[in-house]
Amino acid sequence: MKNAYIKKVFKQVKETCPNETQFLNAVREVLESLEPVYDANPELEKYAYLERICEPQRVVEFQVAWKDDEGNIQVNRGYRVQQNNAVGPFKGGLRFNKTVNLSILKSLAFEQTFKNALTGCPMGGGKGGSNFDPHGKSPAEIERFCHAFMKQLYPYIGSKTDVPAGDLGVGGTEIGYLLDEYLKHRKDIGTLTGKPLDKGGLKGRTEATGFGLCYFTEEMLNDHKKSFKGKKVIISGSGNVSTYACKKATELGATVIGMSDTHGYIIDKKGIDYKKIIKAKENRASIENYLKYSDSTVYAENPTDLFKTKCDICLPCATQNEINLDTAKILVKNGCYCVAEGANLPTTLDAIAYFQENKVLFGPAKAANAGGVGCSYFEMCQNAEGSKWTFNKTDKKLKEMMVNIYHNIKDAAIRYGHPENFVMGANIHGFETVIAKMK
């Protein structure tokens, strides 16, 4: 950091949150991107936008006590980080995973503020969840936990104030359980998005993040005289985002040759079938089950070794920090020329810098995976209208939004003298959108 004001703000954040590594990394990445903005517009300092954006407007922490199938009481911790609502109601997913802590959720809520602003939809930024691990839990245990979680959360959310959705470990089923409990306390069906279709959900929402990632990536490739057609793609993860990224990349002409989960990864040079991935992963099973449906597939343990596979395009869709500097070097050495993030913060800062130094097209998460939250807003609109959108209507609007996001961040990067730096472009355009409302 060179700008004196930005250095001062980051120092203040470090002093306030000295042990929140993930949050500090997220803040640092954004603040460094904004240096050209403050160099060109020093008068912005007097409004304290950065201090206000870096400090969450509210953080709610609560106990979640629930009974397991043996009748024993278990206790987890729940969170909701309400980062910024200048553009609209707080909006962001709920994550159920054993790794969840306040630092991770603050980093994601901070990112979400800018991501939501990029969509052009009136949504602020938030994030929440619990260190509850759904893996190994029965459906009845997951349902009881969801009800207990919502009993603590419901006073702080609403369709006009804070609208949670799903995230890691929270799919349509879990959202349905959460909604059932919420409606016992408040009759406001628009408070949660990502709902099952029979409870006001949106057709196309399940596919939105994976499809949107591919629409963004295809536009970025087309703008550089390239495309998915005929290219080899690896996709980390095998959840909704990864699965539907696999489907759309295949439809756009690519061959998806590798996918992974927490247990290991598969390689199939003939191409991975997203329908078989869905079957293989039923009941949170290992991706190794894919071998039952394909004779040409090879399985190996250590999922990060997936990134050693030669490919043209890499779509990290699993979890944060899965691509570090060493991994980035391997990808570049093996000929990968495009990386677009489907997960939240899957690439470390030094790895991003290495990609940019080596002219790899890099689509940052806050832009590339914004399709999910964009379609969450479409679901809010559908609920407010009392209508039922068709899949084609959702998909058309999703593609238009992702194409617009690419060109908006590209133009922002050019305006401040950093063409092709889409990380900087995303941060700048998101920031400009947020502060225009904060005024």
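No experiment lies behind these values; they were computed from the predicted model shown.
Taking the six-membered ring for Trp and the full ring otherwise, Y406 and F422 have centroids separated by under 6.0 Å.
Proximity of a side-chain donor or acceptor of N85 to a complementary backbone N or O of T161 within less than 3.5 Å is not detected. No side-chain donor-acceptor contact under 3.5 Å links T209 to the backbone of V241. Looking at N72, its side chain never comes within 3.5 Å of a backbone N or O of D68 through a donor-acceptor pair. Distance alone, capped at 3.5 Å, places no donor-acceptor pair between the N84 side chain and the G124 backbone. Using modelled atom types, no side-chain atom of R95 and backbone atom of L105 make a donor-acceptor pair closer than 3.5 Å. For the pair E432 (side chain) and A412 (backbone), a donor-acceptor distance under 3.5 Å is absent.
Salt bridge status for D180 with K199: present, with a side-chain N to carboxylate O gap under 4.0 Å. E181 has a carboxylate O that lies under 4.0 Å from a charged side-chain N of K184, or vice versa, which qualifies the two as a salt bridge. For the pair E20 and K106, the salt-bridge criterion is met [side-chain N within less than 4.0 Å of a carboxylate O]. Between E219 and K410 there is no salt bridge, since no side-chain nitrogen of the basic residue lies less than 4.0 Å from a carboxylate oxygen of the acidic one.
Side-chain N/O atoms of N302 and T304 include a donor and acceptor closer than 3.5 Å. Residues T113 and Q83 have side chains that never bring a donor and an acceptor to within less than 3.5 angstrom of each other. Side-chain contact, N240 with T206: no donor N or O sits under 3.5 Å from an acceptor N or O. When only modelled atom types and interatomic distance are considered, T327 and N324 share a side-chain donor-acceptor pair under 3.5 Å. Looking only at atom types and distance, the side chain of N97 has a donor-acceptor partner in the side chain of T99 under 3.5 Å away. Using modelled atom types and a 3.5 Å distance limit, the side chains of D188 and S159 yield a donor-acceptor pair. Between the side chains of H135 and D133, a donor-acceptor pair is found at a separation under 3.5 Å.
Cation-pi contact between K137 and F96: absent, since separation from the ring centre below 6.0 Å together with deviation from the ring axis within 45° is not met. For the pair K226 and Y337, the distance from NZ or CZ to the six-membered ring centre is under 6.0 Å and the angle to the ring normal is within 45 degrees. With a 6.0 Å cutoff to the six-membered ring centre and a 45° limit on the axis angle, K248 counts as a cation-pi contact of F211. Cation-pi geometry between K276 and Y293 is not met at under 6.0 angstrom from the ring centre and within 45 degrees of the axis.
A side-chain contact (heavy atoms from CB on, under 4.5 Å) with K281 holds for exactly one of N289, T243, I287; it is I287. For the pairing with R77, the side-chain contact (heavy atoms from CB on, under 4.5 Å) check across L102, V64, N131, N101 returns one residue only, N131.
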Requested in this report: Show your working on side-chain contact (heavy atoms from CB on, under 4.5 Å) between W389 and C381 and close with a plain yes or no.
Outcome: CA-CA 10 Å; W389 287 25; C381 293; 4.2 Å; yes
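Between Y182 and Y154, the ring planes lie perpendicular to each other; the angle is over 60°, past the 30° to 60° tilted range.
Atom OH of residue Y177 and atom CD1 of residue I142 lie 7.5 Å apart, to the nearest 0.5 angstrom.
The list of side-chain hydrogen bond (donor to acceptor under 3.5 Å, both in side chains) pairs with a residue in residues 360-376, not counting sequence neighbours, reads E111-K366, K115-N369, T193-S376, R205-S376, N344-N369, K366-N427.
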